[in-house]
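Written out below as structure tokens is the structure these notes cover.
The shown structure was predicted, so the numbers you read here are calculated from the model rather than taken from an experiment. Each chain gets a letter, A, B and so on, in the order its sequence line appears, and its residues count up from 1.
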Protein chains: 2
Amino acid sequence: MNISQAAKASGLATKTVRYYADIGLVKPAGRSASGYRTYTDPQVRKLNFVRRARAFGFSIEDCRGLLGLYEDHERSSADVKHIASKRLDDIKAKQRELQTLHDELAHLVKSCRGDHRPDCPIIDYFG
Amino acid sequence: MNISQAAKASGLATKTVRYYADIGLVKPAGRSASGYRTYTDPQVRKLNFVRRARAFGFSIEDCRGLLGLYEDHERSSADVKHIASKRLDDIKAKQRELQTLHDELAHLVKSCRGDHRPDCPIIDYFG
DNA sequence: CCTAATGCTTCCAGTAACTGGAGGGTCAAG
DNA sequence: CTTGACCCTCCAGTTACTGGAAGCATTAGG
């Protein structure tokens with residue numbers, strides 16, 4: 001199948017599939033006589049895999065590692081778990097950061113009258 | 001004062017202060033005879049303001065708007081509140097997204113044995 | 001006064017992961 | 001044979017810096 005078929009089948013944008021081919025993340029099965037990228041089921045499965053991993057916020061490099069493990073039937077689940085745990089830790093760290101920001105900013109927003117007058121605790125806090 | 005003094009006084013990197021000058025966010029007070037950027041207290045205050053706003057995740061463009069309001073003593077606090085509320089909404093949206101990711105990924109990580117065997121619910125989920 | 005070490009300048013490149021667009025070849029239908 | 005939908009490559013732009021190179025300016029030491 002051509003690239004747009006593969007894109008549709010994997011739920012990615014055509015541009016993205018081409019980009020993944022360029023960076024060697026998911027290479028097409030081959031090229032047609034006229035140079036068109038051709039994709040078959042295994043590639044589409046990989047594209048889908050990457051789409052799902054990306055949705056979890058894994059970086060392209062992490063996806064590369066995960067794809068390798070996906071393909072490797074001799075893998076250790078420990079290796080997968082290691083990558084996923086790192087991502088989970090990142091998520092937790094981000095959550096803590098956002099919670100702090102949320103609480104402080106919510107407090108400031110709440111205490112700002114939001115009328116035509118210039119005095120504003122948000123500006124005071126930043127200034 | 002020179003740029004590195006202003007950077008130190010505002011808690012920013014010298015490169016960042018120069019960048020802010022380049023994009024017209026916080027312009028230096030002037031230039032010395034030899035072309036050095038010179039900064040005075042008002043600029044340092046603005047740099048500090050931007051640093052604090054950036055720490056809350058406001059974009060450079062938002063900072064531009066906030067700086068304008070900071071400088072405008074005829075401002076309406078409603079305008080400040082509007083920008084801050086948008087940012088707060090973004091934070092909340094991101095929090096919801098991260099919560100979903102966290103819960104799903106935590107579940108997967110927990111259910112993965114993480115040993116030498118290849119079977120792995122994480123890979124199964126993505127594949 | 002000379003020199004070496006900072007410090008300042010500009011400009012270019014790279015980061016992450018695409019996205020949009022220009023310019024041009026290919027293919028299937030009518 | 002032409003039209004329109006595809007496909008190709010390459011370049012630029014996105015965000016907010018950061019690192020580095022080449023080259024003046026300033027300053028402290030000897």
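Between the Thr38(B) side chain and the Gly30(B) main chain, a donor and an acceptor come within less than 3.5 Å of each other.
When only modelled atom types and interatomic distance are considered, Asn48(B) and Arg45(B) share no side-chain donor-acceptor pair under 3.5 Å.
Across its full length, the helix from dC1(C)-dG30(D) to dG30(C)-dC1(D) shows an angle of 30° between the axes of its 5 terminal pairs at either end, rounded to 10 degrees.
For the pair Arg18(B) CZ and dG20(D) P, the interatomic distance rounds to 14 Å; values are reported in whole Å. Distance Ile23(A) CD1 to dC18(C) C1': 9 Å, rounded to the nearest Å. Here the P atom of nucleotide dC11(D) and the OH atom of Tyr19(A) are 17 Å apart, to the nearest Å. We find that OH of Tyr20(B) is positioned 8 Å from P of dT18(D), with the value rounded to whole Å. Remark: C1' of dA17(C) and CG of Leu25(A) are 11 Å apart, rounded to the nearest angstrom.
For the segment residues 31-59 of chain A, the set of residues with a heavy atom within less than 4.0 Å of an atom of DNA chain D comprises Arg31(A), Gly35(A), Tyr36(A), Arg37(A), in numerical order. Near-neighbour residues of DNA chain D inside residues 1-15 of chain A, defined by a heavy atom below 4.0 Å, number-ordered: Asn2(A), Ile3(A), Ser4(A).
Here Asp119(B) pairs with Arg113(B) in a salt bridge; the nearest charged N to carboxylate O distance falls below 4.0 Å.
Between Tyr70(A) and Phe49(A), the ring-plane angle classifies as parallel under the 30° and 60° cut-offs.
Checking Asp22(A), Leu12(A), Val26(A), Val50(A) one by one against Val17(A), the side chain to side chain contact (heavy atoms under 4.5 Å, CB included) holds for a single residue, Leu12(A). Each of Gln99(B), Gln95(B), Lys94(B) was scored for a side chain to side chain contact (heavy atoms under 4.5 Å, CB included) with Gln95(A), with one residue passing: Gln99(B).
Close to dA16(D), at under 4.0 Å from its OP1 or OP2, lies no side-chain N or O of Thr16(B).
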